[in-house]
Protein chains: 2
Amino acid sequence: MIKFLLDYSSGMPIYRQIIDQIRFGIASGQLKLGEQLPTVRALAVELKVNLNTVSKAYKELEIRNILETQQGTGTFISQTAHIVPEKEREDKLREICTQFSSVALSYGFQIEDIIQTLRHIESSKK
Amino acid sequence: MIKFLLDYSSGMPIYRQIIDQIRFGIASGQLKLGEQLPTVRALAVELKVNLNTVSKAYKELEIRNILETQQGTGTFISQTAHIVPEKEREDKLREICTQFSSVALSYGFQIEDIIQTLRHIESSKK
DNA sequence: ACCTTTGTCATATAATAATAGTACACTATT
DNA sequence: AATAGTGTACTATTATTATATGACAAAGGT
């Protein structure tokens with residue numbers, strides 16, 4: 001099961017963040033084809049957002065054939081879900097890195113200090 | 001002079017994109033301290049957005065002491081821009097790295113890819 | 001059959017984002 | 001003094017985002 005993480009100060013709408021994380025979750029293998037997603041109500045509670053916000057994200061992905069919904073049963077990753085194009089993954093990675101970089105550097109941090117801190121955080125996770 | 005580039009389909013509000021690009025421009029050295037920015041009207045025309053949208057971005061940066069405005073003359077990068085007290089820097093570094101790490105990993109990116117991208121961005125700043 | 005859980009739909013409300021237009025105040029130049 | 005160029009302020013309007021409710025429909029278990 002995927003762990004959703006919202007950034008309420010990013011300026012990106014919540015439903016778009018949900019869409020992104022599902023799409024990239026599939027691309028990165030965190031979400032398997034056919035896997036069931038959290039119910040709209042469960043995810044709404046987990047993310048502390050409205051049911052309609054989650055529903056909007058799911059519905060949009062359903063239109064794109066990335067999700068399949070069975071009313072009364074749940075929402076699933078489509079078996080035929082397309083992979084996010086590699087270029088889009090690279091663009092997204094560069095986008096979030098650029099944004100982070102601008103903030104970090106504006107505080108005067110050096111690239112090596114930043115990387116060292118990131119590695120430390122990563123290694124302390126397990 | 002900095003080249004602004006908007007992504008109208010990203011979901012991120014335009015005024016926030018302008019804010020981000022100015023901050024990143026300063027951090028990366030594209031914008032020098034004291035340098036004059038485009039006038040609100042000129043930038044509004046260039047970006048094909050409303051005057052008020054640019055004004056909103058400038059005003060917010062002015063509040064944060066990143067920009068200084070002289071009515072009738074123009075808007076400039078502050079000379080004393082964004083120096084963070086030394087004692088807060090370490091906590092801040094860890095904080096923003098943790099936040100960034102969570103977001104990046106939730107997209108399924110690997111730590112080494114992230115670091116490589118950060119290094120690439122850093123080195124491409126000349 | 002009944003009930004629960006699921007997704008869906010509809011209405012209303014509020015806040016935010018962006019536009020449009022107008023007017024005003026300040027500064028430098030002529 | 002007059003003018004052009006600057007930032008600022010204000011009202012109004014529209015679209016988007018998110019919330020709050022309530023009701024309905026479909027699936028599956030009891």
Side-chain angles (χ1 to χ4, degrees), chain A residues 1-2 4-23 31 34-79 81 99, chain B residues 1-2 4-22 31 34-79 81:
Chain A
M1 180 52 63
I2 191 174
F4 288 89
L5 209 152
L6 298 184
D7 182 352
Y8 297 93
S9 66
S10 72
M12 183 180 291
I14 294 171
Y15 82 99
R16 298 194 66 136
Q17 293 187 45
I18 296 173
I19 289 173
D20 263 14
Q21 295 193 24
I22 291 173
R23 294 187 64 224
L31 289 171
E35 178 177 342
Q36 180 170 12
L37 287 170
T39 69
V40 288
R41 287 175 178 81
L43 187 53
V45 169
E46 179 187 334
L47 299 180
K48 297 188 178 67
V49 298
N50 192 270
L51 175 156
N52 297 326
T53 305
V54 178
S55 181
K56 185 174 183 177
Y58 280 13
K59 203 183 307 178
E60 202 161 300
L61 287 169
E62 208 256 343
I63 291 172
R64 292 201 240 166
N65 291 320
I66 293 174
L67 297 185
E68 284 174 2
T69 58
Q70 296 171 15
Q71 194 163 331
T73 305
T75 305
F76 303 83
I77 310 291
S78 172
Q79 290 291 352
Q99 194 169 350
Chain B
M1 181 50 63
I2 190 173
F4 289 89
L5 216 155
L6 298 184
D7 182 352
Y8 298 93
S9 65
S10 71
M12 183 180 292
I14 293 171
Y15 81 99
R16 296 196 63 136
Q17 293 187 47
I18 295 173
I19 289 173
D20 272 5
Q21 294 194 26
I22 291 174
L31 289 171
E35 178 177 343
Q36 180 169 12
L37 287 170
T39 70
V40 288
R41 286 176 179 79
L43 187 53
V45 169
E46 179 186 334
L47 299 180
K48 297 188 178 68
V49 299
N50 192 270
L51 175 156
N52 298 325
T53 304
V54 177
S55 180
K56 184 175 184 178
Y58 280 14
K59 203 183 307 177
E60 201 162 298
L61 287 169
E62 208 257 344
I63 292 173
R64 291 200 241 166
N65 292 320
I66 293 174
L67 297 184
E68 283 174 3
T69 59
Q70 296 171 16
Q71 190 163 333
T73 306
T75 306
F76 304 82
I77 309 290
S78 173
Q79 290 288 357

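Hydrogens, waters and symmetry mates play no part in the numbers below; they use all other heavy atoms, side chains included. Naming: A, B, ... by sequence-line order, numbering from 1 per chain.
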Donor-acceptor list for residues 43-53 of chain A side chains, cut-off 3.5 Å, not counting sequence neighbours:
from, atom 1, to, atom 2, distance (Å)
A/N50, OD1, A/N52, N, 2.8
A/N50, OD1, A/N52, ND2, 3.2

Worksheet item: Could you give the CG-to-C1' distance, from A/L51 to C/dT5, as a whole number of Å?
Response: 13 Å
Worksheet item: Reading nucleotides 24-30 of chain C 5' to 3', which nucleotides get B (base under 4.0 Å from a protein heavy atom), which S (sugar-phosphate only), which -?
Response: -BBS---
Discussion item. Testing the basics here: between B/Y58 and B/P38, what is the closest heavy-atom pair and its distance to 0.1 Å?
Written reply: OH-O, 2.8 Å
Worksheet item: How far does CG of A/L37 sit from CD1 of A/I2, to the nearest 0.5 angstrom?
Response: 8.0 Å
Atom pairs, N/O to N/O, protein against nucleotides 15-17 of chain C, distance under 3.5 Å?
from, atom 1, to, atom 2, distance (Å)
C/dA17, OP1, B/Y15, OH, 3.1
C/dA17, OP2, B/Y15, OH, 3.3
C/dA17, OP2, B/K56, NZ, 3.3

Worksheet item: Just how far, in rounded Å, is P of C/dT6 from CG of A/L43?
Response: 12 Å
Sequence neighbours excluded and cut-off under 3.5 Å, please list the side-chain donor-acceptor pairs for residues 59-70 of chain A, or say none.
from, atom 1, to, atom 2, distance (Å)
A/E68, OE2, A/S78, OG, 3.3

Worksheet item: Would you say A/S55 reaches C/dC9's phosphate, i.e. side-chain N/O to OP1/OP2 under 4.0 Å?
Response: no
Practice prompt. List in chain and number order the residues that pass side-chain contact (heavy atoms from CB on, under 4.5 Å) with A/Q17, two or more places apart in sequence or in another chain; answer none if no residue qualifies.
Written response: A/L6, A/D7, A/S10, A/M12
Practice prompt. Identify the 5'-most and 3'-most nucleotides of DNA chain D with at least one atom closer than 4.0 Å to a non-hydrogen atom of chain B.
Written response: D/dG5 to D/dC10
Worksheet, complete the sentence: Tightest non-hydrogen contact, residues B/G11 and A/P13, listed as O-CD, 3.1 Å
Discussion item. Near DNA chain D, counting only heavy atoms under 4.0 Å, which residues of residues 58-67 of chain A show up?
Written reply: none
Worksheet item: Which heavy atom in A/F4 sits nearest to a heavy atom in A/Q21, and how many Å separate them?
Response: CA-OE1, 3.5 Å
Worksheet item: Listed by chain and number, what are the side-chain hydrogen bond (donor to acceptor under 3.5 Å, both in side chains) partners of A/D20, not counting sequence neighbours?
Response: A/K92, B/Y107
